[in-house]
2 protein chains.
Amino acid sequence: MCGPMILSMTAEYALRAMAEIAARGPDDPVRAKDLSETAGVPPSYLSKILRRLAAAGLLTSEKGHGGGFRLSRPASRITFGEVLRAVDVDLSDGGCVFGWGACDAQLPCLLHPAWAELKASLSAWATRSTLAHATSGAAAVKHFRRALRQAAQRPAR
Amino acid sequence: MCGPMILSMTAEYALRAMAEIAARGPDDPVRAKDLSETAGVPPSYLSKILRRLAAAGLLTSEKGHGGGFRLSRPASRITFGEVLRAVDVDLSDGGCVFGWGACDAQLPCLLHPAWAELKASLSAWATRSTLAHATSGAAAVKHFRRALRQAAQRPAR
DNA sequence: TCTTCAATGGATAGTCAAGTCCATTGATGA
DNA sequence: TCATCAATGGACTTGACTATCCATTGAAGA
């Protein structure tokens, strides 16, 4: 249905979940079941992913009544790169596409220049983007929805 | 061994193979078996990938004695994006990470801004980079290796 | 204390990319 | 014409990623 993509499903789910948790604010913990609905992730699979994020120190968890997940740090201090690394993907890690043997700047492989360029850009993105971007996104969405509602209540002419 | 990565193995192999073909110049066709060695791709799998690249019109193939694969256009007119699209990846295609429902600029999802930024950068890279970059890389590698050889022949003092 | 809620962990099953094999087709040279 | 070379196409195997299920642990409220 989705076709092949840049990020794995797991990575995508992790980003969605973290963004959603960030957007709810630090007041009370978010239940996995809630997340699974709003973020559109299969509940039992999401549970696994949240565990990995918690193990990586990005989330804290509380069991039992009123429990759930919480960011372990302010959203502005959690980068996308950290989230991705917690699940499986390391956008900044080495490995040249063509360098299946040795490959470095000294003895570069055929694709080295183009590949280095892409990696730099990915790595910069992953480092620069934080979950705080998601929370501001949430504010924008809320604002837009309110505007929609008000427009709907006004009688059409 | 390689761990999860940005591009699928197939995509990586396709880039390697195309770069290698480009680097050999347009004079005579390259056999799949040769490619499989120099590009480090499993021979029977490479064969499948080359077929897809040929089906996409990026390569022409010749059977039998003296046969092999050739670029269908000058290297400078084949972009990485075209190569990736021929196998499976479309770096410029839509799909928002968070937009599992509807998501557009009008009603953006939480991750929309960050995601759009990444996509734009990937898409630009894929459009800008051509196989000609690989051929110039090949020249650089050759030059460097010659220098290494000459240094080795000179007696150490 | 007992019940309920929610995370934890592991066992299990489905799906698809990755990789292998082999028989066939088409072209070249002997 | 025959043998050889190389691409073609499809069937098949494997393993990792995706996903489900259930029994267990720990915490809060009744």
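Naming convention: chains lettered A, B, ... in sequence-line order (proteins, then strands); numbering from 1 in each chain.
A donor N or O paired with an acceptor N or O is not found under 3.5 Å between the base of C/dT8 and the side-chain atoms of A/Lys48.
Counting to the nearest Å, the P atom of D/dT18 and the CZ atom of A/Arg51 are 16 Å from each other. The CG-P distance, from A/Leu46 to C/dA7, rounds to 9 Å in whole Å. Counting to the nearest Å, the P atom of C/dT4 and the CD atom of A/Glu62 are 22 Å from each other. Across the protein-nucleic acid pair, A/Ile21 atom CD1 and C/dA6 atom P stand 15 Å apart, rounded to whole Å. Rounded to an integer number of Å, the gap from B/Lys33 NZ to D/dA6 C1' is 11 Å. Nucleotide C/dA6 holds its P atom 14 Å from the CZ atom of A/Arg70, rounded to whole Å. As rounded to whole Å, 14 Å separates atom P of D/dC5 from atom CG of B/Asp34. If you measure from atom CG of B/Leu35 to atom P of D/dA7, you get 9 Å, rounded to the nearest angstrom.
Toward the 5' end of DNA chain C, the nearer of the two residues A/Gly66 and A/Ser44, judged by each one's closest nucleotide, is A/Gly66. Each of B/His65 and B/Ala54 was assigned the nucleotide of DNA chain D with the nearest heavy atom; the assignment lying further toward the 5' end belongs to B/His65.
Note on A/Tyr13: every side-chain N or O is 4.0 Å or more away from OP1 and OP2 of D/dT18. Contact check, B/Tyr45 against C/dA17: no side-chain N or O comes under 4.0 Å of OP1 or OP2. Residue A/Ser61 places at least one side-chain N or O under 4.0 Å from the OP1 or OP2 atom of C/dT8. Taking 4.0 angstrom as the limit, A/Thr10 places a side-chain polar atom (N or O) nearer than this to OP1 or OP2 of D/dT18.
Nucleic acid contact for B/Arg31: sugar-phosphate only, since backbone atoms but no base atoms lie under 4.0 Å from a heavy atom of the residue.
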Derivation of the side chain to side chain contact (heavy atoms under 4.5 Å, CB included) call for B/Ile78 and B/Leu58: CA-CA 8 Å; B/Ile78 301 184; B/Leu58 299 178; 4.2 Å; yes
Could you please spell out the steps behind the side chain to side chain contact (heavy atoms under 4.5 Å, CB included) verdict for B/Thr10 and B/Lys48? CA-CA 10 Å; B/Thr10 307; B/Lys48 274 192 138 80; over 6 Å; no
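Remark: B/Arg70 pairs with B/Pro29, B/Thr60, B/Glu62 by the side chain to side chain contact (heavy atoms under 4.5 Å, CB included) rule, at least two apart or across chains.
Under the 4.0 Å criterion applied to side-chain N and carboxylate O atoms, A/Lys33 and A/Glu37 are not assigned as salt-bridge partners. Ion pairing of A/Arg16 with A/Glu12 is present here, as a side-chain N (NZ or NE/NH1/NH2) and a carboxylate O approach within less than 4.0 Å.
In this structure, the nucleotide among C/dG10, C/dG19, C/dA27 sitting nearest to the side chain of B/Lys63 is C/dA27. Taking the side chain of B/Ser47 as heavy atoms from C-beta on, and the options C/dT8, D/dT8, D/dA19, the nearest nucleotide is D/dT8.
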